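Beneath this line is the structure, given in C-alpha cells, with notes to follow.
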Number of protein chains: 2
Amino acid sequence: MDKEFKISYPGSEKVYINGSIHPSVRVGMRVVNQTPTVTIKDGERIEKSNPSIYIYDTSGPYGDKDAKIDLEKGLPHLRQVWIDERKAKDADNISQMYYARQGIITPEMEYVAIRENMNCSMLGIVTHITPEFVCREVAEGRAVIPANVNHPEAEPMIIGRNFLTKINANIGSSATTSGIDEEVEKAIWSCKWGADTIMDLSTGQQIHETREWILRNSPVPIGTVPIYQALERVDGVAENLTWEIFRDVLIEQCEQGVDYFTIHCGIRLKNVSLAAERLTGIVSRGGSIISKWCQTHQRENFLYDHFDDICDIVARYDVALSLGDGLRPGSIYDANDRAQFAELDTMGELVQRAWAKNVQVFIEGPGHVPMHKIRENMERQIEKCHGAPFYTLGPLVTDIAPGYDHITSALGAAQIGWYGTAMLCYVTPKEHLALPDKEDVRAGIIAFKLAAHAADLAKRHPGATVRDNALSKARYEFRWKDQFNLSLDPEKALEYYKASNNVGGKFCTMCGPNFCAMKISHTLCDE
Amino acid sequence: MDKEFKISYPGSEKVYINGSIHPSVRVGMRVVNQTPTVTIKDGERIEKSNPSIYIYDTSGPYGDKDAKIDLEKGLPHLRQVWIDERKAKDADNISQMYYARQGIITPEMEYVAIRENMNCSMLGIVTHITPEFVCREVAEGRAVIPANVNHPEAEPMIIGRNFLTKINANIGSSATTSGIDEEVEKAIWSCKWGADTIMDLSTGQQIHETREWILRNSPVPIGTVPIYQALERVDGVAENLTWEIFRDVLIEQCEQGVDYFTIHCGIRLKNVSLAAERLTGIVSRGGSIISKWCQTHQRENFLYDHFDDICDIVARYDVALSLGDGLRPGSIYDANDRAQFAELDTMGELVQRAWAKNVQVFIEGPGHVPMHKIRENMERQIEKCHGAPFYTLGPLVTDIAPGYDHITSALGAAQIGWYGTAMLCYVTPKEHLALPDKEDVRAGIIAFKLAAHAADLAKRHPGATVRDNALSKARYEFRWKDQFNLSLDPEKALEYYKASNNVGGKFCTMCGPNFCAMKISHTLCDE
C-alpha cells in the first residue's frame, strides 16, 4: 500500500486552534476563504469583504497539506500524551464518563468543545457548548466521546443530541469482495466527505488485518460488530458460539483500538419468538446470529448474561458500547412492533448497568419506519433509555425504492435527527442490493451530511445557519466559486455547473441570461 | 421525429378497467404479476401464490404494447367524446368545478376515482374515494382536475390532499440549450418514471412549436408559465409587458390545450419592496419579471388587476390556475418571511374570486424552508387559501448541497406532503447549476415519487402500504425479480444487484452466504 493519500478542498486551508485548559489540544478545522462582494456604483468599483467560514473537518492529517502521510506507519498519535498521563494515575477505569463524573475536563472534552464551536467562535457567536457543558453531558450519559486509549490516532468527537448531529459510514469487506487496500481507501474517502465515525463491518478472511490497517490510518473513531469475528472463529456455525470465544474477540479488538462496539445484548430468549409475527423477521445480522443461538440452546442470550463482564472489559480501554438493535424492523409493516419495543426496554435496563460502571453507552435504532411513527421511536428511546444517545440506521420511510435507499433513509434520518437522534448511520444507494463502492460511499455520506445538517437547522443548533447563509449570499451575488467551495461536495457542484454553457456568467445557469430571476432581483433590491 | 417511443416495465402488463357510471371510461393501470412463494417441507415443494399488484400508471398509451404510437399524429383523443357532449350543452363555463357544484359526476371524475383506487379495489380493499367523493372534493375546491378541453389526449388525474400525493416534472428548453426532439423525449421519459403532470418551462425560440409537440404527445396534464412567452413577445423587456399581450398569449395557450397556468397574480405593488429585506431577493423568474414591471411603472400588477378577466378566459377551456408564488424564499434565511406571507394572503383572496367563477385553482409554495418551519407553511396555506390544494417546490431544507438538491428538496417534500400538500414539484440534481438532462429528470422524479409515497404512507392513505408490503415480502423470500418489478426503478435495482456477484442466491447480496440475517431468520421464524 504505497499510495500517497491526501485530501484537499478547493478554496480552503487547514487551520488549528489551541486549547486554553489543555495547551496540547490542537483542533484542526477547514476554513473557506471567500472573495469580496463587488458592486459598481457610479462607475466606481466597490469591494466589500466576506468573512472566512469555518467548517467542521473530519479529514484529519490527510487534509493538512504539510502533514506527511505514510500508511505503513499510520497516523501520528494525537492523543498519546493525554492517555499516558491518565494511565499513570488510574488503572481499571479510565473512561471519559469516569472523569466527567468527577468534574474533570479531559483534553478530549476541551477538544470537542472547540471543534463543535469553531464556526461560531471565529465569527464571535457565543454558544452554550463549553468544555464544562461537554463534561456535564458526558457525566449524565447524554453524550459519548468514543475514544479507545489504543486508538491515539483518532481526533476526539462527541455523540449527543445537544451537539452537532453526526453520521457514520459503514465499510468493510465480505467473503468474496474487496481487499484491504480498497477498504482503507474507502475509510479515508469517507473522512474526506465528512463521516464522523466509520464502522468496519468486515467479515471473511483477513478480518484482523483489515481492521489494523483501518485503525492505524483513521482520524475518526472506528466501530465494529465483534460477533462477526467471533462467528468466523466457529466457522459460521452460530450455535457453537460461546461467551469465552466472544470475550477473547472483544479483548483482541479493545487492544487493537476499536472505539465502539455494537453488541446485541438487548435480545432476550423470551422475545425471539416475537419476530415470528413479522413480515420480514430479523434483518440484523448480529440479531439473527444471537437469536439463532438462543433458540437452538433454549438459553438466555450470553451477551445479556455477561453484560457486566463486557462492561468491565471495555471500561479499561474506554471503549463505548453501542447497544445493537437486533430486532429492528426491516420493513414498514414491522415498524414499532412488539419485538422492537421489547428489545428497547431491555436496552434501557442495560444502559443503567453500563453507567454503574462508568461505561459510555448509546443505543442503536431502526431501520424501516414510516414518517408518522418516527417521533414515537425517538420519544420512547429517550424515555426508556434514560437519555442515552440514539444512533439510528436511517430510518427508511418506504420500502419501494431499492437503488435509492440513500434517499428514503435520508428522509427519515433528517426527521429523527431533528427529534433528537445524535448519530445517523448512512445508507448507500446499493442498500439491499450489493456492497457499496467508492462512489456509493460518497453518495451515502453526502445524503446523510445534508440530512444531519437539516436536523441541526431544525433544532436551531447555534451557528448551524452560518454556512447556509454564506452559501446563499454567494449564490445571490453570482460568486460561483465561493458557492461551490462552501457546499458539501464542491467537486460535484462544479462538474454540473460546467455542464451548462454559462460558466462565469452574472446570471443563473438554469434561467439563462434573459430570464434570470436573481439578476432581475438585483435591479430591484439593491440600493 | 420518427422514433418509436414505447415504455415497458419488467414483469408487468397494462390492464384496463371500465367505468360503471360512464362505460366509455377506461382506466389503464400497470399490473405486476408475482411469482409464487416456494417452500420445501419434508422434501415436498409447496407453492403459495402471491397476488398481482396494481400500480398507478402514468405511461399512457406508451405503456401499452398494443398501442400504435405516431408522434407526428399525436396520441388518441381519449376524452374527446366526453368533451363534445358537454360542449353541446354548455358554452361559457365547462369546468369540472361547474359540474361538480351541480352534483354532476363527469367521466373525468369517475376516471380519477377508479385510478386512485385500483390497487385497492383489485385486492378487495374498500376506500372512501368514490366518484361521489371526487365530485364533492372538486365542488368544494379542495381538489382540482386539470383538464383543458383542447387537451383530449390527457388521462384525467386529480390534485388534492385527500388523494394520492402527486408530483410534477419540469422540462423545457432555454435560449441556448436542447431542441424540440429532446424535450418531447424528456416528456415521455417523465411519464415513464411516474410524473403526474409536466410543466413545459421553455423559453427562447420555438416556444409555441415545442409546446405543441409536447401537448399532442402527452398523456398527463401540461402546465406552463405564460409570462415566459409574453416576455419573448416584448424581446425580454419586462417593462414593455401589457395586459393585452399577456391575454393574447393566454388565449393562444388555452386554444393549444395547456391544462394549467402558473400566473403570478399574487404579487402586489405594495409588497414588492419587502423583498429588499431579503438575503436572496426574488428567485422566481415570473416573480421577478412582474416585480420589475410593478416597480418600473409604480403601478399595480396587471395580472392582479385583470384576475377576473383571466378567470373568464380559462373557465371557457377548463384550464386550472396555479397561483405562482413569485415571492417564494430562495434561501433558508428568507423562509416564512413577510414577503412570502403577504403574497399568500393575496392568493387567499384570489382563490375566492376564482371559485366565484367556477375556476379550479391551486396555490404554489416554497422553495427553501428549514424543517421546523414547514408545518407553519402548510397550516397557513390551508387557512388563508380556504383549503385550495397546495403545490410546492420541494421545499429544500438546507442550502448547502448544490448537486444534491433533489435530495434536500425530497426531504422537505415528504414532510409537507405528509402535512397536506397535494402536489410536489420535483427538483433535479442540477438545480441551481444547469438544466437537467434525461438522467437528471429520472433522478428527480424517483426522488419525488418516493417522497410522495412516503407522504401517502404517513397520511395513512388507503392502500398505500400494499406495494411496500408486497415488495418487502418478496425481499424476505428472496424473490428478487418480484422485488425489483415492484420497485420505483426496476432497471436501477437490477443494475445494482448485478454488480454484486451473488445473483439468484437465497441470501442477501450485502450479507453474503454465511452472514445473511434474512436467511438465518427463516430458520427461526418459519413454521
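Quick caveat, the model's predicted, so the values are computed rather than measured. Every chain is numbered from 1 and lettered A, B, ... according to where its sequence line falls, protein lines coming before strand lines.
- Between chain A and the options L279(B), T296(B), D440(B), heavy-atom pairs under 4.5 Å are most frequent for L279(B).
- A 4.5 Å side-chain heavy-atom check between Y404(B) and D489(A) finds at least one atom pair inside the cut-off.
- Most heavy-atom pairs under 4.5 Å with chain A: of the set V397(B), T280(B), I407(B), this distinction falls to T280(B).
- In terms of heavy-atom pairs under 4.5 Å with chain A, the best-connected choice from Q415(B), Q295(B), K459(B), R467(B) is Q415(B).
- Taking OG of S472(B) as the start and NE2 of H432(A) as the end, the distance is 7.5 Å to the nearest 0.5 Å.
- Listed options T465(A), T408(A), I446(A) were ranked by heavy-atom pairs under 4.5 angstrom with chain B; first place goes to I446(A).
- Counting only heavy atoms from C-beta outward, the side chains of S487(B) and D399(A) never approach each other to under 4.5 Å.
- The residue among E495(B), R460(B), K373(B), Q483(B) with the most heavy atom pairs within less than 4.5 Å of chain A is R460(B).
- The distance from the OG1 atom of T398(A) to the NZ atom of K449(B) is 11.5 Å, given to the nearest 0.5 Å.
- Using a 4.5 Å heavy-atom threshold, the side chains of Y496(A) and P429(B) count as touching.
- Note that the CD1 atom of I400(B) and the CG atom of L488(A) stand 4.0 Å from one another [nearest 0.5 Å].
- No part of A413(B) comes within reach of chain A, as not one of its non-hydrogen atoms sits under 4.5 angstrom from that chain.
- With chain B as the partner, the residue from A454(A), S331(A), G412(A), A276(A) showing the most heavy-atom pairs under 4.5 Å is A454(A).
- For chain B, the option among A410(A), A458(A), A414(A), A464(A) with the highest count of heavy-atom pairs below 4.5 Å is A458(A).
- Interface remark: L457(A) contributes backbone and side-chain atoms alike to the contact with chain B (heavy atom separation under 4.5 Å).
- Residue contact with chain A, scored on non-hydrogen atoms closer than 4.5 Å, involves the backbone and the side chain of L411(B) alike.
- When L494(A), L471(A), V272(A) are compared by the number of non-hydrogen pairs under 4.5 Å with chain B, L471(A) comes out ahead.
- Between the side chain of D468(B) and the backbone N or O of I332(A) there is no donor-acceptor pair closer than 3.5 Å.
- For the atom pair CZ (R278(B)) and OH (Y476(A)), the distance works out to 9.5 Å, reported to the nearest 0.5 Å.
- The structure places CE of M518(B) at 12.5 Å from CZ of R285(A), a figure rounded to the nearest 0.5 Å.
- The residue among G286(B), P370(B), P402(B) with the most heavy atom pairs within less than 4.5 Å of chain A is P402(B).
- Other residues, nucleotides and ligands contribute only 12 or fewer heavy atoms inside 6.0 Å of the OH atom of Y333(A).
- To the nearest 0.5 Å, the span separating CE on M371(A) from CG on D456(B) amounts to 9.0 Å.
- R475(B) touches chain A through its side chain: at least one heavy atom from C-beta onward sits under 4.5 Å away, while N, CA, C and O do not.
- Neither the backbone nor the side chain of P490(A) comes within contact range of chain B, judged by heavy atoms closer than 4.5 Å.
- Interface remark: L450(A) contributes backbone and side-chain atoms alike to the contact with chain B (heavy atom separation under 4.5 Å).
- If you measure heavy-atom distances from S284(A) to chain B, the contacts under 4.5 Å come from the backbone alone.
- For D405(A), the part lying near chain B is the side chain, with the backbone staying farther off; criterion is any non-hydrogen pair under 4.5 Å.
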